Amino acid sequence: MKPEFRRSPRFWLLAIFMLALAVRLIYLGVMVGFNSPVPLRYDDGTYDGLARSIASGHGMTLWDKPSTIVSPGYPYFIGGCYAIFGPAPSGPRVVQALIGSSTVVLVSAFALELGLGLPAAVLAGTIASFHPSAVYFTGRYFPMILHAALLAAAIYALLRWRRRGWLWLIMSGVMLGIAALVRSDVLMLVPLMALSLLPLVGWGRRWVAAAVLLVGIAYALQLPWLVRCERIGGLQAFPTTFTWRTLWGGDNPWSRGGPVTAERIIAHYDTPGSEAGLRPAMREQLFALRQWQAIRTQMTEAQAESAFKYMTLTWRAREPGRYIANIGRKLLAFASPWPMQGGDVLRRYGLILGLSYGIWLPLALIGFVAAWRLGPARWMFIAVVLQILMTTAAVCGHPRLRFATEVLFMPYAGYGIVRLRDWLIRRRRPDAGTESSPGTHA
């Protein structure tokens, strides 16, 4: 054991938690302000309005009407903070700092559970403590912090299930179900999570039972929300992510590769006759957008998705040549980490996202390749599947969807640093001996 890691793993996990919490509290105090106003122009304002309604006992309502505009998990989280600590932004922000710090501890626990060693676990926790995206969202009213924590907890429970009993699988299903109530795009991940267990336990009754249990628990937790969506919107469908709306942002008659928001188009054609001279397809789109704007607050997520799906597919059918011509420009626009919406505030997040991926992914690749030779990387299959799907969704939708899977690469980034250090030591001391295994770092 290396001298600097003689203390117990519990000591290091506690130290990492305190480091992560200190970083987040300093960021809130210095850069944001614990009680600085919530930026109501963006999604923060929607969550704040719903949370205040919940805290006052009126449930999820906007403008005195029941609403299913977003999934219920995060509004109830913020509303619970308001009910306990009062309707000030400091309560949710501090709680998010605590949740984010707990996720950092889970990142270190991943490394330990995977057998990557204590040095890799400490380095992974240190990386996660300063992870730009995680620190940034501590001060915003976006569900990323809570969503990432729940998804990390679900995957950690899966890591422990194979050796420690079925209770861990049940816990994973519960965490996935709650995560889907925070961000509904988790619904498309649940079957893949079940499929990713196949190479770990092999084909057989055990895998079938695990897959059915995992999917059944996660989806069963959606039933009350599904009933509410049906009762309010009359639509019997699971709520979905806003992928079609964001796809339309880069696939509409006004776009030239980059995003064009519905609100911007409606605001531009705000006077009688302003749409004169538009092509028939554009006039048709503008009419549909105005209809959408008139009833948007009463629409479920699934209904909003259907509206933008209809507009996207209609434009493709009416003007296939223009639609195809936009694909190349759109791919170039989506290849950048620039966010799809949000204006000046979220432009900073584009830079944050680039820094996050540019720093940790190369190190994670080194760690993953090294761990593959040593055995524990088979668990990485889960993270790889999730990352492929989330990145695909980001290319076709919104880069913020990548956030929750970034933490899954940090244990391997820490291990990559350990292996790079060992390689440099061997380069300097050719007689240093044979290559060490993860266990020698523990």
Side-chain angles (χ1 to χ4, degrees), residues 1-2 5 9 16 104 106-134 148 151-152 155-156 158-160 162-163 189 192-193 195-202 335 337 353-392 394-395 402-430 432-442:
M1 180 180 293
K2 300 293 181 182
F5 292 102
I16 287 168
V104 170
L106 274 178
V107 168
S108 294
F110 281 152
L112 294 174
E113 190 69 26
L114 290 164
L116 300 178
L118 185 55
V122 173
L123 286 168
T126 303
I127 290 170
S129 296
F130 293 93
H131 186 51
S133 295
L151 186 56
I155 295 174
Y156 181 68
L158 278 184
L159 295 182
R160 296 177 71 87
R162 193 170 65 100
R163 292 182 297 169
L189 303 181
L192 275 177
M193 291 283 286
L195 181 63
S196 69
L197 298 176
L198 185 57
L200 305 182
V201 299
L353 184 67
L355 284 174
S356 300
Y357 271 72
I359 294 172
W360 311 134
L361 283 189
L363 292 170
L365 179 61
I366 295 171
F368 174 63
V369 171
W372 183 271
R373 296 176 57 225
L374 298 168
R378 56 187 175 177
W379 290 104
M380 189 62 177
F381 185 84
I382 296 173
V384 169
V385 169
L386 286 171
Q387 181 63 20
I388 289 172
L389 183 61
M390 293 298 257
T391 301
T392 301
V395 169
R402 302 174 186 172
F403 175 76
T405 57
E406 292 173 357
V407 298
L408 304 178
F409 286 84
M410 293 177 191
Y412 288 91
Y415 188 56
I417 295 173
V418 170
R419 297 314 298 265
L420 281 174
R421 182 201 64 177
D422 291 348
W423 179 77
L424 289 173
I425 290 175
R426 289 196 302 273
R427 291 271 296 179
R428 293 175 184 172
R429 298 167 51 198
T434 58
E435 182 176 337
S436 58
S437 66
T440 62
H441 300 290

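Being a predicted model, the structure only gives us computed values, none of them experimental. Position 1 is the first residue of the sequence; numbering continues from there.
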A.B. asks: How long is the span from the CE atom in M410 to the CG atom in L106, to the nearest 0.5 Å?
C.D. replies: 12.5 Å

A.B. asks: How long is the straight-line distance from CG of L420 back to CG of L363, given to the nearest 0.5 Å?
C.D. replies: 6.5 Å

A.B. asks: So which atom in A152 and which in F110 form the shortest heavy-atom distance, rounded to 0.1 Å?
C.D. replies: O-CZ, 3.3 Å

A.B. asks: For S129 and V104, work out which heavy atoms get closest and say how close.
C.D. replies: OG-CG1, 3.5 Å

A.B. asks: If you look at every heavy atom in S108 and G125, which pair is closest and at what distance?
C.D. replies: OG-CA, 3.3 Å

A.B. asks: side-chain contact (heavy atoms from CB on, under 4.5 Å) with P411: which of L112, V107, I127, L123?
C.D. replies: V107

A.B. asks: Parallel, tilted or perpendicular, judged at 30° and 60°: which one describes the rings of Y412 and F368?
C.D. replies: perpendicular

A.B. asks: Please report the closest heavy-atom contact between Y415 and G367, naming both atoms and the distance.
C.D. replies: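 Between these two residues, the closest heavy atoms are CD2-O, 3.4 Å.
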
A.B. asks: Looking only at non-hydrogen atoms, find the nearest pair between A120 and V418 and report the distance.
C.D. replies: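 Taking every non-hydrogen atom into account, N-CG2, 3.8 Å.
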
A.B. asks: So do I425 and R421 actually touch side chain to side chain, heavy atoms under 4.5 Å?
C.D. replies: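 A side-chain contact exists here, since the closest heavy-atom pair is under 4.5 Å.
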
